[in-house]
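To start, the structure itself, in structure tokens.
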There are 2 protein chains.
Amino acid sequence: MKTVPKRQGKSASRRKEIIQAALACFTERGFTETSMADIRRRSNASTGSIYHHFKSKEQLAAEIYLEGIRDYQAGLLTTLEDQESARGGIFAVVAYHLRWVEAHPDWTRFLFQKRHAEFMDSTDDDFAGMNTEFVQRCSRWFVRHVKAGTLRRLPPDVYLSVLLGPCMEFTRHYVSGRPCTPLDRAIHELGTAAWRSLKTDAARKGVNHENS
Amino acid sequence: MKTVPKRQGKSASRRKEIIQAALACFTERGFTETSMADIRRRSNASTGSIYHHFKSKEQLAAEIYLEGIRDYQAGLLTTLEDQESARGGIFAVVAYHLRWVEAHPDWTRFLFQKRHAEFMDSTDDDFAGMNTEFVQRCSRWFVRHVKAGTLRRLPPDVYLSVLLGPCMEFTRHYVSGRPCTPLDRAIHELGTAAWRSLKTDAARKGVNHENS
DNA sequence: TCATTACTAGAATCCTATTCTAGAATATAG
DNA sequence: CTATATTCTAGAATAGGATTCTAGTAATGA
């Protein structure tokens with residue numbers, strides 16, 4: 001994953017080491033629990049070095065956060081855009097989400113924990129831009145199917161809420177450690193629920209009304 | 001030796017003053033931004049007094065968090081249990097959620113921010129207990145309608161995910177400050193979406209199949 | 001009234017994120 | 001290949017704020 005600018009090899013590796021160490025600490029001890037000293041020890045970097053690369057602990061976390069979101073969103077988008085049928089897209093997204101969560105439990109926990117962190121408002125445009133691009137590309141896919149008559153016409157924010165909201169909520173439950181419905185079943189149920197919410201009454205299972 | 005924590009009026013008011021002050025600070029400056037000194041000044045309580053009532057800043061926040069959740073959940077439950085028809089219940093819950101958010105924007109922001117805080121795991125049984133009671137009472141309502149044939153049979157965690165997930169996700173958007181669909185519209189759309197997900201195919205708008 | 005407990009006060013402590021100063025590596029120009 | 005500038009690393013010093021401590025003051029109860 002390419003980060004942001006064109007950093008030279010030597011320094012970039014230091015930077016990555018720090019990020020890796022920080023992520024490990026954060027996921028295993030929690031954000032507020034881990035001290036800069038922990039990160040320093042684990043990465044073998046000095047205080048000065050860390051602060052050369054990152055403005056603050058918060059900003060270091062933000063960086064990690066963005067990297068995770070980027071991976072998640074990128075995968076989700078290609079998954080979605082690969083799907084021709086409306087029904088396929090809806091189910092694929094739900095499955096993608098839950099599989100990603102299953103495959104990256106630590107990441108997930110961290111992302112959820114930081115989801116409403118204070119840096120979210122003020123953070124650089126990276127986040128805002130990334131996010132609007134995400135919404136736009138999702139919308140584009142949806143619009144196609146709305147025009148084809150397979151999906152109901154809804155505002156984009158409502159779309160995403162209906163499609164991803166249940167996944168998020170279920171995930172919250174999943175990472176909390178309390179017992180919950182097995183993932184296969186959940187994928188099936190949440191996919192079905194989303195599909196029932198979003199499809200038009202005309203659309204039928206498996207039938208694809210794509211045309212101009 | 002009385003070990004029972006019956007709070008006398010005098011002390012209780014101090015306690016409340018501290019909670020009020022803390023909430024005000026947290027919502028207006030954010031959790032990490034506000035210092036104990038801020039809370040001390042705003043509440044006119046001394047350091048010692050604050051730490052007599054609350055173990056730590058975290059725990060103070062947790063207390064406030066619980067109070068908010070309690071209010072939200074209590075209202076949601078009575079709203080739900082007041083409704084006879086399945087459809088009425090679903091729509092009422094969605095409306096309740098978004099109206100609550102509209103009426104308590106500061107609370108909402110704070111609750112969202114703290115939703116995945118680190119104290120959530122380890123916190124006293126208060127939270128766990130409250131939460132399972134909430135789930136159980138919701139389930140009870142659902143089960144009635146499942147038996148009546150108006151709602152589909154789904155695992156409780158999936159139920160709540162499908163019903164509340166979209167509300168949560170929309171709320172996230174709403175409190176972020178970015179422009180979004182007006183609340184009336186959102187209530188209508190999210191209610192409809194949830195209803196379509198959860199109703200059985202037999203159930204019809206307005207028709208109530210309640211019986212033994 | 002005495003004794004025990006709950007509460008308040010604010011100074012002292014302690015922890016840790018951040019800043020500072022200086023020195024090593026590395027790149028760039030001439 | 002030097003000189004010089006820039007980037008990077010170090011680790012000690014600082015500073016800010018959460019928490020603890022010690023000593024008192026009000027309330028309660030026998």
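Computed from heavy atoms alone, side chains included, the values below leave out hydrogens, waters and symmetry copies. Just so it is clear: chains get the letters A, B, ... in the order the sequence lines come, proteins before strands, and each one is counted from 1. As the structure is a prediction and not an experimental result, all values here were calculated from the model.
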Rounded to whole angstrom units, what separation is found between the [atom1] atom of [X] and the [atom2] atom of [N]?
X: A:Asp38; N: C:dA17; atom1: CG; atom2: C1'; answer: 12 Å
X: A:Met36; N: D:dG16; atom1: CE; atom2: P; answer: 18 Å
X: A:Tyr51; N: C:dA17; atom1: OH; atom2: P; answer: 6 Å
X: A:Ile50; N: C:dT18; atom1: CD1; atom2: P; answer: 11 Å
X: A:Arg15; N: D:dT7; atom1: CZ; atom2: P; answer: 15 Å
X: A:Phe54; N: C:dT19; atom1: CZ; atom2: C1'; answer: 18 Å
X: B:Ile18; N: C:dC7; atom1: CD1; atom2: P; answer: 11 Å
X: B:Lys57; N: C:dC15; atom1: NZ; atom2: P; answer: 18 Å

Any chance CZ of B:Arg178 has more than 12 other-residue heavy atoms, nucleotides or ligands included, within less than 6.0 Å?
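Above 12, so yes.
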Taking the inter-plane angle between the rings of A:His145 and A:Trp141 on a 0 to 90° scale, is it parallel (under 30°), tilted (30 to 60°) or perpendicular (over 60°)?
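A:His145 vs A:Trp141 ring planes: tilted.
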Taking only N and O in the side chain of [X], is any of them less than 4.0 Å away from OP1 or OP2 of [N]?
X: A:His52; N: D:dA10; value: no
X: A:Ser46; N: D:dT9; value: no
X: B:Arg14; N: C:dC7; value: no
X: A:His53; N: D:dT9; value: yes

Quick check against the 3.5 Å criterion: does A:Arg109 have a side-chain atom that pairs as donor or acceptor with the backbone of A:Thr27?
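Side chain of A:Arg109 to backbone of A:Thr27, a donor-acceptor pair under 3.5 Å: no, none is there.
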Would you indicate which nucleotide in C:dT18, C:dG10, C:dA17 comes nearest to any side-chain atom of B:Thr47?
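Closest nucleotide among those given: C:dG10.
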Are A:His97 and A:Tyr72 an aromatic pair by the rule of ring centers under 6.0 Å?
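Centroid separation for A:His97 and A:Tyr72: below 6.0 Å.
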